[in-house]
Amino acid sequence: MKSAVETLNPTRVRLTVEVPFEELKDSLDAAYKKINQQVTVPGFRKGKIPARVIDQRFGRGAVLEEAVNDALPKLYQSAVEEGELTPLGQPEVDITDLKDNELLSFTAEVDIRPEIEIPDYSGIEVTVEATEVSDDDIDKSVEQLRERFASTSVVERAAAEGDVVKVDLEAKVDGEVLEDGVAQGVDYTIGSGELLEGIDAAVTGLEAGGSATFTSELKGGSAAGSEAEVKVDVQTVSARELPELDDDFAQLASEFDTLEELRGDSRKRLETSKKYEQATEAQEKVLDALIELVEVPVPEKLLADEINTRKHNLVNHQLAQMGLDLAAYLRMQEKTEEEFDAELKEQAEKGIRTQFVLDELVNKEKLNVSQEELTEHLMRRAQSSGMSPDQFAQAIVEGGQVPMLVGEVARGKALAVVVEAATVKDTNGDVVDLEDDEDETGETVDAESTEEPAEAAAEEKADEKADDAEKADKS
């Protein structure tokens, strides 16, 4: 077999392959055997029909077609290995010549992983938010805990901000009551902003048994994005009472005996949370700086597939679960479809560039993934997917997605190497020691942020037994 590689652009090549006919012998034998099992010829037992009879009765062309279909994947793979290529996705194959008993020629165009030169990244410097925890931060945290232990009691007066009202709601669009626009016995805290815009003004000042009507744009349901006329009936008005901030409250709301101990614990928790946020911010900014240093050509077909995958998952899964379509979503986001498409393209391009750069770093730094690291990552992914570790692992294995998970962990390790080499300072000008952050948070680098293109859907595909996951990277 002879093969040659023609570079069409930095991310696409054309393979030209010539195969002497004798190299098709195994595929020809397999073709005759397969046809033998599928046809019957009077005078011959099934499976014992001579090749010359098959040629006479069914045509040599049918045999050649079957043989070529059998041989092409193996011949293509041999040409890829000979050319030392890393293909992305499926090739576009064209048979240019097929001469019986002489020669088979074909071409295969395919996107390839571009060659990337990783420059010195030790000079990367980023600035992240400092992690000081103020007394105001602690006051806010304790107040939030206090809110959770608030009690309510029904009062015979007009509703005011902070009160809890039990209401019935009925929404109409164009004078028609929506099938999913009726709700009864809904508890709502005035001023929380957790329901429809305009409801606060409508119920404030109403007593039990009072009614009001207001207009509001629906955020979900069958008429999401539409202006609706909403009738609200107040069943009851309840006042919220907060517990006193004292040692008794500390004992009620926590395992601590004193309010001072509770506040001390809140400080520790806030410090840990801010350190984790700081580490995540550092990771994101270092990654952005790294991508800026590297010239990364993006295969057009891979980019188009990635954009389509992201859009499909948003529309058919995320928005569908919320009862929204794309038009309603765009209205809520106050974006045009052109702006949405531009953002989607930018995100897809960044995802592809990130994958290519981090994969190259994995090779450059010779990073390996241990079984323990893979297991820990699988546990985290299972938790975020809402599946048990056993269910998630089974779906991953059945879907052939184990290499995908290995890739995620390896990219996370590659990014960790760059973060460690970078200089990270906080807004006070102090150098941040991210190793201390790792001790506090368990991990500095979130490998899930380095997933392959089209793998934002991979976890979901795992839940569906992963039919076609990891389509962006077949290497």
Problem - NZ/NE/NH1/NH2 to OD/OE distance under 4.0 Å, Arg381 and Glu408 - result: yes
Problem - Ionic contact status for Glu125 with Lys425, cut-off 4.0 Å - result: no
Practice task
Check Glu82 against Ser3 and note the closest heavy-atom contact, atom names and distance.
Solution key: OE2-OG, 2.9 Å
Handout entry: Polar side-chain atom of Thr427 near backbone of Ala130 as donor-acceptor pair, under 3.5 Å
Key = yes
Problem - Lys/Arg N to Asp/Glu carboxylate O, Glu360 vs Lys364, below 4.0 Å - result: no
Exercise for the section: Determine, stepwise, if the pair Glu23 / Lys74 fulfils side-chain contact (heavy atoms from CB on, under 4.5 Å). Expected result: CA-CA 11 Å; Glu23 293 189 23; Lys74 292 173 283 188; over 6 Å; no
Problem - Student check: side-chain heavy atoms of Val315 and Asp325 closer than 4.5 Å - result: no
Handout entry: Sidechain-backbone polar pair: Thr96 side chain, Ser105 backbone, donor-acceptor under 3.5 Å
Key = yes
Exercise for the section: Side-chain contact test, heavy atoms from C-beta onward, threshold under 4.5 Å: evaluate it for Tyr76 versus Val110 and give yes or no. Expected result: yes
Practice task
For the residue pair Glu132 and Asn428, confirm or rule out a side-chain donor-acceptor distance under 3.5 Å.
Solution key: yes
Practice task
Report yes if some heavy atom in the side chain of His377 is under 4.5 Å from a heavy atom in the side chain of Leu405; otherwise report no.
Solution key: yes
Practice task
Look only at the side chain of Glu281 and the backbone of Glu129, and say whether a donor-acceptor pair between them is shorter than 3.5 Å.
Solution key: yes
Handout entry: Under-4.0 Å salt bridge between Glu306 and Arg310
Key = yes
Practice task
Apply the test side-chain contact (heavy atoms from CB on, under 4.5 Å) to residues Tyr188 and Leu196: give CA-CA distance (whole Å), side-chain angles for both, the deciding distance (0.1 Å), then the verdict.
Solution key: CA-CA 10 Å; Tyr188 174 65; Leu196 297 168; over 6 Å; no
Handout entry: Heavy-atom neighbours of Lys301 NZ exceed 12 at 6.0 Å
Key = no
Completion exercise
Only one of Arg411, Arg353, Lys413 passes salt bridge (Lys or Arg N to Asp or Glu O under 4.0 Å) with Asp359, and that residue is Arg411
Completion exercise
Between Leu358 and Ala414, the two heavy atoms sitting closest are O-CB, 3.8 Å
Exercise for the section: Evaluate the side-chain proximity of Val296 to Ile291: yes if any heavy-atom separation is below 4.5 Å, no if none is. Expected result: no
Handout entry: Flag side-chain contact, heavy atom, 4.5 Å: Glu18 against Asp97
Key = no
Handout entry: Ion pair Asp139/Arg263, N-O distance below 4.0 Å
Key = yes
Problem - Asn9 atom CG: more than 12 heavy-atom contacts under 6.0 Å - result: yes
Practice task
Could you tell me whether the side chains of Ser134 and Asp136 share a donor-acceptor contact shorter than 3.5 Å?
Solution key: no
Handout entry: Closest approach of Phe356 to Leu88 (non-hydrogen atoms, all atoms of both residues)
Key = CZ-CD1, 3.6 Å
Handout entry: Non-neighbouring partners of Thr131 that pass side-chain hydrogen bond (donor to acceptor under 3.5 Å, both in side chains), sequence neighbours left out
Key = none
Practice task
For atom CD of Gln333, decide whether the heavy atoms of other residues, nucleotides or ligands shown that lie under 6.0 angstrom number more than 12.
Solution key: yes
Handout entry: Approximate separation, where rounding is to 0.5 Å, of Asp288 CG and Leu293 CG
Key = 11.0 Å
Problem - From CD (Gln283) to CG (Leu415), nearest 0.5 Å - result: 5.0 Å
Practice task
Please round to the nearest 0.5 Å and tell me the distance separating atom CG of Leu324 and atom CZ of Arg331.
Solution key: 9.5 Å
Exercise for the section: State, with a plain yes or no, whether a side-chain heavy atom of Leu367 is found less than 4.5 Å away from one of Leu361. Expected result: no
Handout entry: Side-chain heavy-atom pair Thr86, Ile112 within 4.5 angstrom cut-off
Key = no
Practice task
Go through the steps to decide whether Tyr121 and Val286 satisfy the test side-chain contact (heavy atoms from CB on, under 4.5 Å), and finish with yes or no.
Solution key: CA-CA 10 Å; Tyr121 48 78; Val286 168; over 6 Å; no
Handout entry: Within 6.0 angstrom of Glu6 CD, more than 12 heavy atoms from elsewhere
Key = yes
Practice task
Please check if any side-chain donor atom of Asp70 sits under 3.5 Å from a side-chain acceptor atom of Ser27, or the reverse.
Solution key: yes
Exercise for the section: Output, in order, the C-alpha distance, side-chain angles, deciding distance and verdict of side-chain contact (heavy atoms from CB on, under 4.5 Å) for Ile307 and Leu303. Expected result: CA-CA 6 Å; Ile307 292 172; Leu303 177 59; 4.0 Å; yes
Handout entry: Nearest heavy atoms of Ala289 and Ile124, plus distance in Å
Key = CB-CG2, 3.7 Å
Problem - CE (Met379) with more than 12 external heavy atoms under 6.0 Å - result: no
Completion exercise
The reported gap from OG1 in Thr16 to NZ in Lys2 (rounded to nearest 0.5 angstrom) is 13.0 Å
Handout entry: Any side-chain heavy-atom pair of Val298 and Thr11 under 4.5 Å
Key = no
Handout entry: Evaluation steps, salt bridge (charged side-chain N to carboxylate O under 4.0 Å, His left out), between Asp341 and Lys345
Key = CA-CA 6 Å; Asp341 288 341; Lys345 181 180 179 182; over 6 Å; no
Problem - SB check Asp29 Lys25 (cutoff 4.0 Å) - result: yes
Problem - Gap separating the CZ atom of Arg60 from the CG atom of Asn101, nearest 0.5 angstrom - result: 5.5 Å
Problem - Interatomic distance, Ser78 atom OG to Leu15 atom CG [nearest 0.5 angstrom] - result: 11.0 Å
Completion exercise
Between Lys48 and Asn36, the two heavy atoms sitting closest are N-OD1, 3.4 Å
Handout entry: Check: Asn316/His312 side-chain N/O donor and acceptor closer than 3.5 Å
Key = yes
Exercise for the section: Spell out, as yes or no, whether a donor-acceptor pair under 3.5 Å connects the side chain of Ser141 to the backbone of Asp137. Expected result: no
Exercise for the section: Check whether more than 12 heavy atoms from other residues, nucleotides or ligands sit under 6.0 Å from atom CD of Glu143, and answer yes or no. Expected result: yes
Exercise for the section: Please indicate whether Gln144 has more than 12 foreign heavy atoms, meaning atoms of other residues, nucleotides or ligands, lying under 6.0 Å from its CD. Expected result: yes
Exercise for the section: May I ask you to check whether over 12 heavy atoms, not counting those of Glu346, lie within 6.0 Å of atom CD? Expected result: no
Fill in the blank from the handout: Tightest non-hydrogen contact, residues Lys311 and Leu326, listed as CE-CD2, 3.8 Å
Handout entry: SB check Asp265 Arg269 (cutoff 4.0 Å)
Key = yes
